[in-house]
Amino acid sequence: MEEANVVETKDGTISVASAFAVHQEAVQDRDHIFLKKAVGEAYKGVECGDGGPFGAVVVRNGEVVVSCHNMVWKNTDPTAHAEVTAVREACKKLNKIELSDCEMYASCEPCPMCFGAIHLSRIKRLIYGAKAEAANAIGFDDDFIADALRGTAFYQKANLEIKKADGNEAIIAEEVFEKTKEKFHIY
């Protein structure tokens, strides 16, 4: 095993140079392999007409759990993005709702919806290839969602009013969490 190199910096702090350079290279090589598989899925989805050029692979212990591509057009489902589809399929295959022992490789930076699915599934690591701007440049502009929710959008693509209910409706909606909390010990 390689020794760690301890280095004192100019400001007096101590830094430990990685003792695992070989391990880091192996992880990087593995990342490239699985990212190439995600990109391959993106091409596959376009070639068969299932959806846009997006692919995602879920990996557990170095093995592919699922490899998916965008299915929006095939399923007539605007939520069938590659990452969401991969989370759904991996959860089904592993028969659990959390994927904390899994990693995801995505051909492109996830949109807010996909990032939400990745976060909620507790995936421990996300590696993506292209930046969202590459998808935006050819018309996939899902980033407006995050801007719309924050109220920072220059223009809002969707004509959607977002408003929190008030009065009795809000109270009734909030009570459901208090009244059912004993039934949920999810993670």
Subject >> Results of side-chain contact (heavy atoms from CB on, under 4.5 Å) for A134 - residues two or more places apart only >> reply: A130
Subject >> Verdict with supporting geometry, T79 and V72, side chain to side chain contact (heavy atoms under 4.5 Å, CB included) >> reply: CA-CA 7 Å; T79 69; V72 168; over 6 Å; no
Original post:
If you take all heavy atoms of V84 and C114, which pair is closest and at what distance?
Top reply: CG2-SG, 3.9 Å
Original post:
Does K74 NZ have over 12 foreign heavy atoms under 6.0 Å away?
Top reply: no
**OP:** Please determine if R88 and D77 form a salt bridge, counting it only when a charged side-chain N lies under 4.0 Å from a carboxylate O.
**Re:** yes
Original post:
Only one of L126, V58, I118 clears side-chain contact (heavy atoms from CB on, under 4.5 Å) with E83; which?
Top reply: I118
Original post:
Got a second to check how far S107's OG is from Y128's OH, nearest 0.5 Å?
Top reply: 12.0 Å
Original post:
Hey, any chance I138 and V46 share a hydrophobic cluster, counting ILVMFWY side chains that come within less than 4.5 Å of each other, even indirectly?
Top reply: no
**OP:** Salt-bridge test for K36 and D31: reply yes if a basic N is under 4.0 Å from a carboxylate O, no otherwise.
**Re:** no
Original post:
Taking 4.0 angstrom as the limit, do E63 and R60 come out as a salt bridge?
Top reply: no
Original post:
Which value, rounded to the nearest 0.5 Å, describes the distance between F54 atom CZ and T85 atom OG1?
Top reply: 12.0 Å
**OP:** Please round to the nearest 0.5 Å and tell me the distance separating atom NE2 of H69 and atom CE of M71.
**Re:** 5.0 Å
Original post:
Going hydrophobic residue to hydrophobic residue with side-chain gaps under 4.5 angstrom, can you get from L99 over to F34?
Top reply: no
Subject >> K93 side chain to V65 backbone, donor-acceptor under 3.5 Å >> reply: yes
Subject >> Sidechain N-carboxylate O distance under 4.0 Å for R30, E103 >> reply: yes
Original post:
Of K44, E41, H81, which is the lone residue that meets side-chain contact (heavy atoms from CB on, under 4.5 Å) with N70?
Top reply: H81
Subject >> Approximate separation, where rounding is to 0.5 Å, of C108 SG and K131 NZ >> reply: 9.5 Å
Original post:
What's the spacing between I97 CD1 and L120 CG if we round to 0.5 Å?
Top reply: 9.5 Å
Original post:
Can you hop from Y105 to V39 via hydrophobic side chains spaced under 4.5 Å?
Top reply: no
Original post:
Using 4.0 Å as the upper bound for N to carboxylate O, is an ion pair formed by E89 and K92?
Top reply: yes
Subject >> Same apolar cluster (I L V M F W Y, side chains within < 4.5 Å links), I127/V64 >> reply: yes
Subject >> Closest contact, heavy atoms only, A86 versus M104 >> reply: CB-CE, 4.0 Å
Original post:
Below 4.0 angstrom, N of the basic side chain to O of the carboxylate: do D101 and K96 qualify?
Top reply: yes
**OP:** Tell me, with the steps shown, if C102 and L94 meet side chain to side chain contact (heavy atoms under 4.5 Å, CB included).
**Re:** CA-CA 11 Å; C102 296; L94 299 173; 4.0 Å; yes
Subject >> Rounded distance [0.5 Å steps], SG in C48 versus CH2 in W73 >> reply: 11.0 Å
